[in-house]
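One structure below.
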Number of protein chains: 2
Amino acid sequence: MSVGIRHDDLRRRNRAMVIAAVRRAGQPSRTEIAATTGLSHSTISAISADLIGEGILAEGKPSDTGSLKRGRPQVGLGLNPEAAAVMTVVLSLNFLSVTVIDYAGQVISEEQRRLDTLTMSREALIGECVAIVRRRLDDPDIDVRSVARIALAIQGITDTDARAMLWSPITPQTDIAFADILEAEFGIPATMENDCNMMAVALRWRDPERYRDDFIAILLSHGIGMGLVLKGELFTGTHSSGGEFGHMIHRPGGALCRCGRRGCVEAYAGNYAIWRNAKQLGEDTEPVADVSDAQMRALAATARERDGPEREAYRKAGEALGYGLGSLFALIDPAPVAMVGVSAAAFDLIEPALREAIAQTAGGQHSKSISFDTEPNELPLIREGCAMRALTFVDQEIFAPGVPARAGSGKNVA
Amino acid sequence: MSVGIRHDDLRRRNRAMVIAAVRRAGQPSRTEIAATTGLSHSTISAISADLIGEGILAEGKPSDTGSLKRGRPQVGLGLNPEAAAVMTVVLSLNFLSVTVIDYAGQVISEEQRRLDTLTMSREALIGECVAIVRRRLDDPDIDVRSVARIALAIQGITDTDARAMLWSPITPQTDIAFADILEAEFGIPATMENDCNMMAVALRWRDPERYRDDFIAILLSHGIGMGLVLKGELFTGTHSSGGEFGHMIHRPGGALCRCGRRGCVEAYAGNYAIWRNAKQLGEDTEPVADVSDAQMRALAATARERDGPEREAYRKAGEALGYGLGSLFALIDPAPVAMVGVSAAAFDLIEPALREAIAQTAGGQHSKSISFDTEPNELPLIREGCAMRALTFVDQEIFAPGVPARAGSGKNVA
DNA sequence: CAGAATTTTTTTGAGGCTCGAAAAAATGGA
DNA sequence: TCCATTTTTTCGAGCCTCAAAAAAATTCTG
């Protein structure tokens, strides 16, 4: 079953640890690395000498801070930006966005493009993705050989192996093995990630204080998605990306959901559901394909202005989210929640009913202490998460080979 | 954050691996251990020589199997029963059960006792537990010094550190740090586990083929509990034992649950809920304190015999369990389920509605392929799980020190 | 401004661990 | 009895980490 530790695994693991420490801390000295990793100074010295020799790390300028301390000044170690590059491909409704990022995390090339994802053929969708990647690789600023990994993100369900999109609301197509397709086309390792999981990864890098070991990122958009970090690891289903919070059942046999079933949380809290309730269309009405952000903002403005069906629609959304979170918290215990997406900007309309509902549940025992952050713009978050995910893959698989960075696992989030 | 690997960790981890391999396989030869652990023959030889020298392992009789093969016969290595002993304490409704188990897993002493847990004072409850443990330790057959660990199991919520019972339906008392109490009293390390988690651990040892990396054990008893193994590890909440499947919300504002809230799965599927529906008492009726197994069996018999409120009660239970499982499967993907407890014997009455409900949910996409096992008797399962948990703690913490066997984690299930 | 104090980093030697290869042990078959 | 076969042990090599000492690079002090 689980395999014994060989002697040479040791060095590999400790190399990975040093790289991770540098990526987290920015410009730590060898002494600081020794402290955070718990390894001895001599070991850190040996490993960092290797990594510098290989061009993975680089010593920082000693001039940096006019160190006030006595003694030999610390010399900071940083990631060598030229050690590698990674590419992120984010596919969302009617929108395709690609960035190239150097090893230190700086964007060095990007391109964005509007598409009509809902009506495109399978071939056209794949073709657009391949073409945009090719254009970025052809960018004269980019050394193609340095691009070590591609991370794709898409709204919807992906498989645990991070190879394929299984189902997505942005296209009628299913089961597209994007990762395999890009790998075959460009010879660069690729993974296919779920957008909400990438949001969670990004939150962790942005604010490790708040989003450390256990937290939830919920996407309040046309659909409802979730990224979940538990005990420091990204939580995924056993076969798929999992965490389909939006399709937990809120009311058995209730409102019609975009997925074709009834009573899902999303069927009350997704943009289309809020829209449907605000327009008093009845719960059996077929969900509309898209509601623009502007329309949603207008809806929220109306709801704030006067009592009426708009306000009631947000109340119902809050209730569904609250009961859903309550059920979730019954399983995993409460944790900080980040609300992301256009409806997060209307969280003031959602929160009262949400808190009232959650207080009715087993998970809501300490409902007052549960805290919510809001972030209306999901795209930058998804891009950032993708970038960090791709970079940590490079850290672990390429620069510290032998330490398996399981695709589905979130081990490499940290 | 995560700490570097020191050089001496290597030996400790590999020792733990060898012990685990022997515990799983029974009487493996050194060659077989080398194969399963992936370590070299020389390493296995060195480690097993150490372990035999320390009295942890023992060579089996060579006469065992008249080996038909040519060549030097394999000599099996087994656990030395006298290396240590562990104690399990299982506290359930009106019942307290203790066993002492040797290092090889054989029961060497036991005692069971009826109590009136619902009305006992805090002191009396603790006193009974301490007293029964003391009696077993005084058993002349037991070498007190060899008892290396105590594992308690209780129905209800325990904390992640496995120190305390936070809440339990079997007593009005809350927050009893049983583990600390027993440790202080006897100087033997103790942990406090959730009963359903122990059921899951036991299932894994009983049938590793079926219950390997991902499965669910659901207790259908007076209350509804769950033990969940995901990706090979016992899943627990972040603060508590978590996995409160019974208190996921089935119908917002619905039937009155024993926990005081409304609409929980348990309020439809617990024994008291089935009883309440069968007797047509109305969903607001205060749950009865206990329904005997005999009464439940009579109810099931009636339901099988004729259509009526009894049959309808089981149908409602199935529906609640089905929607609950559907929501759960939306989060974690479907997995094999073991139904345990007295109502598992009535699973034929529950299953049709359960399958119908689950098919209405996102998690039920492949509902036909989801398989259910039933096991009417939970107590032996809980005891077994406790025993294995305590033994693997000894394996890892005492006989391979330095490898942290986190209390809350399920790492040591395997 | 020189030397002392201080802190960081590198070097060195010791001790441990795993591994592969070879040797030893234990058995069945000819 | 001796050979073939399989398991187990032994042995030396190669790494890795660690602690301690040495070296390096500063600031402080008189």
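Remember, predicted model here, so these are calculated numbers, not experimental data. Protein chains get the first letters and strands the later ones, always in sequence-line order, with residue 1 at the start of each. All heavy atoms count here, side chains included; hydrogens, waters and symmetry mates do not.
Atoms CD1 (Ile44(B)) and P (dT6(D)) sit 21 Å apart, rounded to a whole Å. Rounded to an integer number of Å, the gap from CG of Asp9(A) to P of dT17(D) is 12 Å. Straight-line distance from the CD atom of Glu59(B) to the P atom of dT7(D): 15 Å, rounded to whole Å. Between the C1' atom of dT17(D) and the CZ atom of Arg12(B) lies a distance of 14 Å, rounded to the nearest Å. Per the geometry, CZ belonging to Arg30(B) stands 7 Å off C1' belonging to dT8(D), to the nearest Å. Between the CD atom of Gln74(B) and the P atom of dT7(D) there is a distance of 5 Å, rounded to whole Å. Taking atom CD1 of Ile33(A) as the reference point, atom P of dT7(C) lies 20 Å away to the nearest angstrom.
Arg15(A) and Glu54(A) are joined by a salt bridge, as a carboxylate oxygen and a charged side-chain nitrogen come within less than 4.0 angstrom of each other. Contact check on Arg204(B) versus Asp213(B) returns a salt bridge, with a Lys/Arg side-chain nitrogen under 4.0 Å from an Asp/Glu carboxylate oxygen.
For the atom pair Asn80(A) CG and Leu57(A) CG, the distance stands at 8.5 Å (nearest 0.5 Å). A distance of 9.5 Å separates CG of Leu230(A) from CG of Asp333(A), quoted to the nearest 0.5 Å. The distance from the CZ atom of Arg23(B) to the CE atom of Met388(B) is 5.0 Å, given to the nearest 0.5 Å.
Within 4.0 Å of Thr31(B), counting heavy atoms only, lie sugar-phosphate atoms of the nucleic acid but no base atom.
Place Glu32(B) and Ile47(A) on DNA chain D by their nearest nucleotides, and Glu32(B) ends up nearer the 5' end.
The side chain of Ser40(A) places no N or O atom within less than 4.0 Å of a non-bridging phosphate oxygen (OP1 or OP2) of dA19(D). Within the 4.0 Å cut-off from OP1 or OP2 of dC16(D), not a single side-chain nitrogen or oxygen of Asn14(A) is found. The side chain of Arg11(A) contributes an N or O atom lying less than 4.0 Å from OP1 or OP2 of dT17(D). Distances shorter than 4.0 Å separate none of the side-chain N or O atoms of Arg70(A) from OP1 or OP2 on dA25(D). An OP1 or OP2 oxygen of dC18(D) is reached within less than 4.0 angstrom by a side-chain nitrogen or oxygen of Thr43(A).
For His41(B), the side-chain atoms get nearest to dT8(D) when compared with the rest of dG28(C), dC19(C), dT8(D). Proximity note for Ser45(B) (side chain, C-beta onward) versus dT8(C), dC16(D), dT8(D): the nearest is dT8(D). Distances from the side chain of Ser42(B) to the nucleotides dA21(C), dT18(C), dT9(C) place dA21(C) closest. When the nucleotides dT17(D), dA26(C), dT8(C) are ranked by their closest atom to the side chain of Pro73(B), dA26(C) comes out on top.
For dT8(C), its base sits under 3.5 Å from the side chain of Arg72(A) at one donor and acceptor pair at least.
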